[in-house]
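To keep things clear, I will list the structure first and then write my remarks on it.
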Amino acid sequence: MPELPEVETTVRGLEKVLLGRELRRVEPRRADLRRAFPAGLGQRLTGARVTRLGRRGKYGLIDTDRGDTMIFHLGMSGKWRIDPEELGPHDHLLIETDEHLVVVLNDPRRFGSVDLVPTTELSDWGPLAELAPEPGEITAGELRERLRGRSASIKSLLLDQRIVAGLGNIYVCEALHRAHINPKRSAGRLSPASLAQLAGAIREVIGEAIKAGGSTLRDYARPDGELGYFSKRFAVYDRESQPCLSCEAPVRRIVQGGRSTFYCPKCQR
DNA sequence: AGATATTCCTGGAGGC
DNA sequence: TGCCTCCAGGAATATC
């Protein structure tokens, strides 16, 4: 289940094998993932040279000298496999470089996506156009601005990519726990002090996760998808009924917007 | 505006 | 052990 830190780790891994390389073969192995692959994806990228890899929110970005950027989203089961021994049924897009290195986008549940957009139009491209600031840099002021007047729960709104880009269910739960904020609180009614704590908690949680991914990556030196979650233990996520790591009260699970929320009823008022 | 449901999809977990 | 059902996840979309 890739969230922002996993995407960041993946991009850093891909950078090692793709940056500066010419793409000799770009071959979709089915017509779509979450949505159809861009028309002419293979032709448009074959022969292009990769000039930059980046990330925005949970989207990975691969710029080329053809003026197009390939945008990938890993959904919940997506991963890039580097130089696989053989192709499997869920390897949906194959790329071969001028060094004859093969990378494949593997995604069993096909919640991911691949798009191709002119690099100059990237910031206007639908999903990126309204994306909020990066969670690693979010400030209390930006949070306040975006949450002002909103009565929905803070948990639900933090999952909205227009409030903070790249947060998923896990890190929202973890950040709220760290900031001692009850996930059911109305977002617009949080005090400036709480918002400051929340902004700090988001930056910390994401920063630590990326750091953990980076250290894992050093061991593997490739985004082979075998990393799973970072070994770092979560304080509340997926720990229903287990003791809160801060106060030992049992962690509670509720459902908000159809998604599980884990929190400590004692630490998070 | 917000809450909830639905859709996409498959593997893993749990029940029997 | 082997079926069966259910659930997880992100994002778009529909409905109340």
Side-chain angles (χ1 to χ4, degrees), chain A residues 1-11 28-38 55-61 71-81 87-93 104-115 117 125-132 134-135 145-175 182-190 202 206 209 225-230 234 236-242 251-263:
Chain A
M1 294 172 250
E3 294 205 19
L4 183 150
E6 285 85 350
V7 180
E8 177 71 24
T9 301
T10 295
V11 165
R29 310 191 75 248
R30 56 173 294 124
D32 58 29
L33 286 180
R34 183 182 161 61
R35 52 179 169 266
F37 281 137
R55 177 194 58 74
R56 183 74 175 94
K58 294 178 210 168
Y59 292 91
L61 309 172
I71 307 167
F72 66 86
H73 194 295
L74 297 176
M76 85 162 280
S77 61
K79 64 190 81 74
W80 284 93
R81 304 204 299 139
L87 295 182
H90 304 304
D91 291 325
H92 305 309
L93 176 66
V104 294
L105 177 59
N106 177 285
D107 186 2
R109 298 187 195 179
R110 307 211 298 270
F111 273 30
S113 61
V114 172
D115 293 279
V117 173
W125 181 68
L128 293 183
E130 292 187 79
L131 217 49
E134 288 291 317
E145 190 183 311
R146 288 175 158 71
L147 297 176
R148 182 181 297 145
R150 302 293 299 269
S151 62
S153 72
I154 183 62
K155 160 67 194 304
S156 299
L157 288 181
L158 285 180
L159 285 175
D160 185 333
Q161 303 296 297
R162 293 166 296 189
I163 307 292
V164 183
L167 288 187
N169 207 29
I170 295 175
Y171 295 108
V172 166
C173 291
E174 293 298 311
N182 188 300
K184 292 181 282 191
R185 292 281 305 277
S186 164
R189 298 205 182 112
L190 291 171
I202 291 171
I206 287 296
E226 302 304 314
L227 313 182
Y229 280 116
F230 306 120
F234 299 122
V236 287
Y237 184 79
D238 204 21
R239 297 193 60 243
E240 183 179 15
S241 301
Q242 294 175 51
V251 169
R252 186 173 294 173
R253 184 182 88 96
I254 59 175
V255 175
Q256 294 177 288
R259 316 288 302 280
S260 288
T261 298
F262 299 89
Y263 74 106

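Scored by the salt bridge (Lys or Arg N to Asp or Glu O under 4.0 Å) test, A:D32 finds A:R30 as partners (sequence neighbours excluded). For A:R29, there are no side-chain hydrogen bond (donor to acceptor under 3.5 Å, both in side chains) partners, not counting sequence neighbours. Residues passing the salt bridge (Lys or Arg N to Asp or Glu O under 4.0 Å) test with A:R146, sequence neighbours excluded: none. Under the salt bridge (Lys or Arg N to Asp or Glu O under 4.0 Å) criterion, A:R185 pairs with no residue, sequence neighbours left out. Applying the side-chain hydrogen bond (donor to acceptor under 3.5 Å, both in side chains) test to A:D91 and every residue at least two apart in sequence or in another chain returns A:R81, A:N106. Contacts of A:E240 classified as salt bridge (Lys or Arg N to Asp or Glu O under 4.0 Å), with partners at least two apart in sequence or in another chain: A:R253. Residues satisfying the ring pair (Phe, Tyr, Trp, His ring centres under 6.0 Å) criterion with A:H92, sequence neighbours excluded, are absent altogether. The ring pair (Phe, Tyr, Trp, His ring centres under 6.0 Å) search around A:Y263 returns none, not counting sequence neighbours.
Contact between A:R239 and A:V251 at its shortest, heavy atoms only, is O-CB, 3.3 Å.
Distance, A:L74 CG to B:dC8 C1': 17 Å, rounded to whole Å. With rounding to whole Å, A:L33 atom CG is found 11 Å from B:dC9 atom C1'. Between A:E240 atom CD and C:dC7 atom C1' the separation is 13 Å, expressed in whole Å.
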Problem - Worked verdict on A:R55 versus A:T10 for side-chain contact (heavy atoms from CB on, under 4.5 Å) - result: CA-CA 10 Å; A:R55 177 194 58 74; A:T10 295; over 6 Å; no
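Contacts classified as salt bridge (charged side-chain N to carboxylate O under 4.0 Å, His left out) and involving residues 147-158 of chain A (residues at least two apart or in different chains) are not found.
Taking every side-chain heavy atom of A:F111 into account, B:dC8 is the closest of C:dA8, B:dC8, B:dA1.
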Handout entry: Protein proximity profile, nucleotides 11-16 of chain C - base contact B, sugar-phosphate-only contact S, no contact -, cut-off 4.0 Å on heavy atoms
Key = BS----
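For C:dA8, one of the phosphate oxygens OP1 or OP2 lies less than 4.0 angstrom from a side-chain nitrogen or oxygen of A:S260.
Computed from C1' positions of five pairs at each end, the angle between the two local axes of the helix from B:dG2-C:dC16 to B:dC16-C:dG2 equals 60°, rounded to 10 degrees.
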Write out a two-atom table: protein N or O, nucleotide N or O from nucleotides 10-14 of chain B, distance below 3.5 Å.
from   : atom 1 : to     : atom 2 : distance (Å)
B:dT10 : OP1    : A:R110 : NH1    : 3.1
B:dT10 : O2     : A:R109 : NE     : 2.9
B:dG11 : OP1    : A:H90  : NE2    : 3.0
B:dG11 : O4'    : A:R109 : NH2    : 3.3

